[in-house]
Structure formats: structure tokens, C-alpha cells
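As C-alpha cells, the structure follows; a few thoughts come after it.
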There are 2 protein chains.
Amino acid sequence: MTSNKPDTRTRILQAALELLNLSQGKEVRMADIARKANVSRQALYLHFSTRTDLLIETTLYLDDIKGAEERLKASRTAKTGAERLNAFIETWGTYIPEIYSLARALLAMKDTDEAADKAWSQRMGDMREGCEAAINALQHDKALSPDYTAEQATDILWMMLSVRNWEQLTKDCTWTQEMYISTLKSLANNTFVAKEQTT
Amino acid sequence: MTSNKPDTRTRILQAALELLNLSQGKEVRMADIARKANVSRQALYLHFSTRTDLLIETTLYLDDIKGAEERLKASRTAKTGAERLNAFIETWGTYIPEIYSLARALLAMKDTDEAADKAWSQRMGDMREGCEAAINALQHDKALSPDYTAEQATDILWMMLSVRNWEQLTKDCTWTQEMYISTLKSLANNTFVAKEQTT
DNA sequence: ACAAGAACTTTACACTGTGTAAAGTTGAAA
DNA sequence: TTTCAACTTTACACAGTGTAAAGTTCTTGT
């Protein structure tokens, strides 16, 4: 039988997660996480080589909990390209707020910390593949707007769906999550789906 | 006659600017700036209370040099709303790369430093007014797409034109500056300018 | 000519947070 | 009972920001 009390490593990851969710914005320090996990600060370094490493591992842990991959894969079952585009926006748009606290911490380091930058870029690269798949599906349906190449369209969709944009719209512009999802769908559809020709 | 050798304060601002432009990405420290300006590190604190303060003052200095306000005001002379929208995108889009180094430094602090956040928000608030004016001009022409309210449209345009988006498109997606400008114009026009009705 | 003061320099140090180092404790397995 | 892994405890190096205070230098007014 698998023990139900989590091992130290997992407890640290959970502590990091909780603190990040709680202390919105404020820096979460190694000492804070250690205290929350009921281990010594030094013990963190037995499991994670640096703070950056710990945060990166925490994102992986979170993805695991949330079942990120399965969810994103699900959007591939849609029939038409347009449906697929909408499904992807819905899925990703719903996922963002769940990972936002952590994303924010990583984003804050991205500009100065090489490793954090790399980790974040990789994640965004994965997300980009989802954008690409949706755009390709549109193109396959001959439903991609002639205004953009598939690559350009991917770039633009990727831009639209960035975490920073979600942050700006829901925080600075105080949009609700529903508004965000529906408006981005509308925006993406207007932009990428070719207008029906009454030829 | 006004002395042509700049006073210490100005020399510090110039040094900060140069270093930020040069050392793309890497942190610029107070000691670095002091060295470059040929003053002691302590002298910086005689002119600026904190590093954040210095960076903020540097942005103001830069705006001054670049004539930011005059340029942005110029876009207001356009006749139609659509022209105005394009003029604004052109002006702002051209301005971004000129302030990018500094913007980047401020953005990096924004997430943790209260004062930096405030200063940046204020700047972006100013930029938002330009977006709002362009959208209002469109609405006045009855040329605003019925898909969005003026406020929503402003929010979306503001989002589209964010520095982070410029960064993503030109750095990650390796778009040229020309491509950025022309694509964003096309994007904004498609999104906000009402389709001509053949009623 | 001299005092006063502004604008620095120099030296020293406090503080925060990350990360390293090494010796000591504890509990379980062999 | 020893041995080992997984910790704890204590100590410290290091970077970078910001404070403090005494010393220098140059200018200016009287």
C-alpha cells in the first residue's frame, strides 16, 4: 500500500504551491516555504538545487495535479477547425487562472534568471503547438482567413492567448473570466476564420 | 549661457540609459551606473532615493529626449477614425523599440516593486488614453465594429499594443519591426473597423 | 581674504535573501 | 549494533541595496 502521508519532497512542493496562491504578488522565499512544509530551510536544498529549480518543479507538479496534458489533448477531438479553435481557447483560457500564481512567479524571474526563462519558454512553446494545431485545422478546412499565413496566424493567436494578456484583461481591465473567454473566442474567430463568401 | 557639460544628475541619467541599452537583459546595478557616470556610488543617492526612483526618472528623461508627447499628439490630427487608429499604431509601435530597454527594466521590477508597478501602470494608463481616443474617433465616424463596445474595444486595442506583445512578436517570433507595424494595423482594422455594409 | 555651504568622496556597516559547508541527530533496515 | 539515509543545526560567504557620518574641494558672498 502506498503511504498516504506525502514524502518531504511533495510536502515542499505543496507548501510552495499554497504560499504562491496565498501571497499574491509578494515574493515567496525559501524560508517561507520551508516553514510551511515543516522542514528546515536547508532541507529544501537536499531536494532542489536552487529556488528557480524548486519553482520549475512546482509547475510540473501542478500540471500533474491538474491533468494539463489530457485536457489540452481533448481539444483535438473537435470536428471542424473552427470548433477546434474554440475548444482550445476554452481549455487554455480556463487553465490560465489555475496556474497564474505560479506563472507569475516564473514570469517575474524570466527577465533576469536564465533557467527560469528557459523553463517558461519551453512551456510557452508547448502551448504554441496547441495554437499551431488549431490554425492548421482551420487551414485544412480551407477556413483560414487569407489575410495571414498559417505561421503568422499562429504567432498572433499565441500572442493573444499569452498569460500577460490574460493578466492585463482580467486584472487591469477587470474583465470576468467568462468575458475573457467569450471575447477571445470572438476575437480569434473574427481574425482567423475566413468570412463566408456569397459567391 | 547654459553650460554644455551636463550636470551630475543628467550624467547619471545618461549613464543609466546607455548601460540599459547596452547590457540587454542583464541587471544594471547602481555601482555600474555610478562607474559609467564617473561618480561615486553614494552620489547616486544624493540625486535619487532608490534604484527604482532612478529608473523611473530615467524614463521621464528618455521621453523628454524622444519627444514622446508631441509625437503621440500628432496622431490626433488624422481626419477619419480609421486613419487615426493607424496613425496611433504607427506612432506607438515605432516608439516601443526606442524605450524597450528601459521598459524591460521596469517591467522586471513591476511584479515585486510597488513603486515600479505604479510608475509603469501610469505610463500604460497614458498610452491607454491614446487607444481610447482612437476608438472614440472610430465610434464618432460610426465606423466601430458592432461586435464590441467602445470600452471593450479600447481594452482589446490596449492589450494588442502592449510592450510584452511587441516583445513576444519581435523577439520570440522574430518578426521585423515593419512586419509588426503592418500586421498590427491589419489586425486592428479587421477587428475594430466595421465592415462596409452593401445594404 | 575668509567663512559658509553645496556637492561631492570615502569608508564603514546594516540588512536581506540565496546558496554552501560541515558536524550532529534520529530512526529504520540489515 | 552498525550503518545509512534523511534530516537538523549552526555558521558563514556573497551580492546588492541603502544608511551614516566624517572628510575634501570648489564656489560664492561679504
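- Straight-line distance from the CZ atom of A/Arg9 to the C1' atom of D/dC7: 16 Å, rounded to whole Å.
- Only at 4.0 angstrom or more do the heavy atoms of residues 101-114 of chain B sit from any atom of DNA chain D, so none qualifies.
- Although no hydrogens or angles enter the test, the distance criterion places no donor-acceptor pair under 3.5 Å between the side chain of B/Ser186 and the main chain of B/Ser182.
- Atom-to-atom, CD1 of A/Ile33 to P of C/dT18 comes out at 8 Å; the value is rounded to the nearest Å.
- Within the structure, ring-ring contact (aromatic ring centres under 6.0 Å, His included) contacts touching residues 7-28 of chain A (residues at least two apart or in different chains) do not occur.
- With sequence neighbours excluded, no residue forms a side chain to side chain donor-acceptor pair (under 3.5 Å) with A/Arg35.
- B/Thr52 meets the side chain to side chain donor-acceptor pair (under 3.5 Å) test with B/Asp113; sequence neighbours excluded.
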In residues 157-166 of chain A, what donor-acceptor pairs under 3.5 Å come from side-chain atoms, sequence neighbours left out?
from, atom 1, to, atom 2, distance (Å)
A/Trp158, NE1, A/Met124, O, 3.1
A/Ser162, OG, A/Met159, O, 3.4
A/Ser162, OG, A/Asn165, N, 3.1
A/Arg164, NH1, A/Glu167, OE1, 3.2
A/Arg164, NH2, B/Asp111, OD2, 3.4
A/Asn165, OD1, B/Asn165, ND2, 3.2
A/Asn165, ND2, A/Met159, O, 2.7
A/Asn165, ND2, B/Asn165, OD1, 3.2
A/Trp166, NE1, A/Gln177, OE1, 3.0

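- Sorted by residue number, the list of members of residues 11-23 of chain A with any non-hydrogen atom under 4.0 Å from DNA chain C is empty.
- Applying the side chain to side chain donor-acceptor pair (under 3.5 Å) rule to B/Glu57 yields the partners B/Arg9; only residues at least two apart in sequence or on another chain are considered.
- Under a 3.5 Å cut-off, the side chain of B/Asp32 and the backbone N or O of B/Arg29 do form a donor-acceptor pair.
- Nucleotide C/dA6 holds its P atom 17 Å from the CG atom of B/Asp7, rounded to whole Å.
- Of the charged side-chain nitrogens involved, none lies within less than 4.0 Å of a carboxylate oxygen, so that A/Asp126 and A/Arg123 do not count as a salt-bridged pair.
- Following chains of ILVMFWY side-chain contacts shorter than 4.5 Å, one can reach A/Leu20 starting from A/Ile65, so the two form part of one hydrophobic cluster.
- Rounded to a whole Å, the NZ atom of A/Lys26 is 16 Å from the P atom of C/dT16.
- Listed by chain and number, the residues in a ring pair (Phe, Tyr, Trp, His ring centres under 6.0 Å) with A/Tyr45 amount to none (sequence neighbours excluded).
- Of the possible donor and acceptor atoms, one in the side chain of B/Arg11 sits under 3.5 Å from a partner among the backbone N and O of B/Ala37.
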Find every protein N or O atom lying less than 3.5 Å from an N or O atom of nucleotides 14-16 of chain D, and list the pairs.
from, atom 1, to, atom 2, distance (Å)
D/dG16, OP1, B/Arg29, NH1, 3.0
D/dG16, OP2, B/Arg29, NH1, 2.9

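- Heavy-atom distances under 4.0 Å link DNA chain C to B/Gln42, B/Ala43, B/Leu46, B/His47 of residues 41-50 of chain B, given in residue order.
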Which donor-acceptor pairs under 3.5 Å do the side chains of residues 134-143 of chain A make with protein atoms, sequence neighbours left out?
from, atom 1, to, atom 2, distance (Å)
A/Asn136, ND2, A/Glu132, O, 3.4
A/Asp141, OD2, A/Gly81, N, 2.6

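- Qualifying side chain to side chain donor-acceptor pair (under 3.5 Å) partners for B/Glu90, counting only residues two or more places apart in sequence or in other chains: B/Lys185.
- Across the protein-nucleic acid pair, A/Glu27 atom CD and C/dT18 atom P stand 8 Å apart, rounded to whole Å.
- Taking 4.0 angstrom as the limit, A/Thr8 places a side-chain polar atom (N or O) nearer than this to OP1 or OP2 of D/dC7.
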